[in-house]
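Below is one structure, written out as structure tokens; the observations come after it.
Throughout, numbering of the chain's residues begins at 1 and tracks the sequence. Just the heavy atoms: all of them, side chains too, but no hydrogens, waters or symmetry mates, feed the values below.
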Amino acid sequence: MRIRVFFIYLMAVCCQFAVFADDAEAESRHIKAVLFNGDSIEGYLRSDLKTGLKNMFSKSGTIRQYINVGVEPKGGDTRRYSASEIKEYRFVETTEGYPEGFTVVSEKINSPAPFKPNTCVRGFAGELYRGENGSILKWNVWESTGGRNVQSRVVPVIGVKFKGAKAAYGLITNGGVSLALLRNYLKKRAPEFKKIIEDYYYNCEDHKAHFWELRDNPSSILRLYDEYVKTHGPIDDPDALSM
């Protein structure tokens, strides 16, 4: 099973490389990046097998921790950057939904391990929404099906990074809402906010409607946090600033 998953992932890396080699796709790979040391760079995302394998064998296997950037869309020198070097990068090509270009940020992301639900890794996540007190991010994880024939696949996660929290925690995995890991984290760091979330999504009369609202508009959870911050201040987790 592991060998089959490996080859599926390897084929995906190779296919991505083939797409990136197409000149017509060059501008869709054109980025401007800001580094943690304050420097900025501009170039083109360049996929290569070594970077793909390095991501595959990173701590999570799905959360991207490395990107390869070249000055030119094809040919010439490239450099591999880690998520501990690049603070964020923005695509130069704009879209209707992202008139300033889609942004990818380097952030600590919850990647739970057995008996360690708050384990995190630093990696790249697409930024779907940025508010005053938090952001909504998107990344990928492995999902395994149960039963006799266990199957693993890569699925999208949409999560929230609250201002002051140490990491982004998942809200929606492959279309299904779950707040278990977020609630477990808040139990120690912000118990009063945890109660607000539980009252809103589990205990009130309209909790089902609130769940549907969260699934359809994940940024709606930030409204609860905005109100919480007015009277309590943001979460104060000392691990938030560590790399």
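Expressed to the nearest 0.5 Å, how far CD1 of Ile235 lies from CG of Leu186 amounts to 5.5 Å. Residue Asn184 holds its CG atom at 8.5 Å from NZ of Lys194, rounded to the nearest 0.5 Å. Atoms NZ and OH, on Lys163 and Tyr225 in that order, are 8.0 Å from each other to the nearest 0.5 Å. The line from CG of Leu224 to CG of Asn133 is 12.0 Å long, rounded to the nearest 0.5 Å. Atoms CG and SG, on Asp199 and Cys204 in that order, are 8.0 Å from each other to the nearest 0.5 Å. Remark: Ile109 CD1 to Arg64 CZ distance equals 9.5 Å, nearest 0.5 Å.
A single hydrophobic cluster is seen to contain both Leu171 and Val177, as judged by linkage of ILVMFWY side chains at heavy-atom distances under 4.5 Å, directly or through other members. Note on Trp212: it does not cluster hydrophobically with Leu182, by side-chain heavy-atom contacts below 4.5 Å among ILVMFWY residues. At a threshold of 4.5 Å between side-chain heavy atoms, the hydrophobic network of Ile, Leu, Val, Met, Phe, Trp and Tyr places Leu45 and Val71 in two separate groups. If you chain together hydrophobic residues whose side chains sit under 4.5 Å apart, Val34 and Val104 never meet in one group. Hydrophobic clustering (side-chain heavy atoms under 4.5 Å, transitive across Ile, Leu, Val, Met, Phe, Trp, Tyr) keeps Val92 apart from Leu35.
Annotation: side-chain contact (heavy atoms from CB on, under 4.5 Å) contacts of Glu93 (sequence neighbours excluded): Glu27, Ser28. Ser82 meets the side-chain contact (heavy atoms from CB on, under 4.5 Å) test with Tyr66, Ser84, Glu85; sequence neighbours excluded.
With Asn110 contributing its side chain and Leu181 its backbone, the two residues share no donor-acceptor pair below 3.5 Å. A distance-only check finds a donor-acceptor pair linking the side chain of Thr62 to the backbone of Asn140 [under 3.5 Å]. In this structure, His30 contributes its side chain and Tyr44 its backbone to no donor-acceptor pair below 3.5 Å. Put simply, the side chain of Arg153 never gets that close to the backbone of Trp142: no donor and acceptor are under 3.5 Å apart.
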For this session: Under the side chain to side chain contact (heavy atoms under 4.5 Å, CB included) rule, what do Val155 and Val141 come out as? Steps first, then yes or no, please.
Result: CA-CA 6 Å; Val155 298; Val141 298; 3.8 Å; yes
Problem set entry | Test side chain to side chain donor-acceptor pair (under 3.5 Å) applied to Lys108 and Ser242, step by step | CA-CA 9 Å; Lys108 281 186 177 179; Ser242 65; 2.5 Å; yes
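Counting only heavy atoms from C-beta outward, the side chains of Leu128 and Tyr98 approach each other to under 4.5 Å. Annotation: side chain of Val157 is not in contact with side chain of Ile172 (no heavy-atom distance under 4.5 Å). Residues Lys138 and Pro156 are in side-chain contact: their nearest non-hydrogen atoms beyond the backbone lie under 4.5 Å apart.
Salt bridge status for Arg90 with Glu100: absent, with no side-chain N to carboxylate O gap under 4.0 Å. The pair Lys87-Glu107 does not count as a salt bridge, with every side-chain nitrogen at least 4.0 angstrom from each carboxylate oxygen. With salt bridges taken as basic N to acidic carboxylate O contacts below 4.0 Å, one links Glu88 and Arg130. Remark: Glu227 engages Lys230 in a salt bridge, criterion side-chain N to carboxylate O under 4.0 Å.
Classified by interplanar angle (parallel below 30°, tilted 30° to 60°, perpendicular above 60°), the ring pair Phe211/Tyr201 is perpendicular.
Centroid-to-centroid, the aromatic rings of Phe162 and Tyr169 stay 6.0 Å apart or farther. Ring centroid separation for the pair Tyr202 and His207 does not come in under the 6.0 Å cut-off.
With Tyr89 as the partner, the side chain to side chain contact (heavy atoms under 4.5 Å, CB included) test is satisfied by one option alone out of Tyr81, Phe124, Phe102: Phe124. When the options Asp48, Ile67, Val69 are evaluated for a side chain to side chain contact (heavy atoms under 4.5 Å, CB included) with Arg80, the one that passes is Asp48. For the salt bridge (charged side-chain N to carboxylate O under 4.0 Å, His left out) criterion with Asp237, the lone passing option out of Arg189, Lys161, Lys188 is Arg189.
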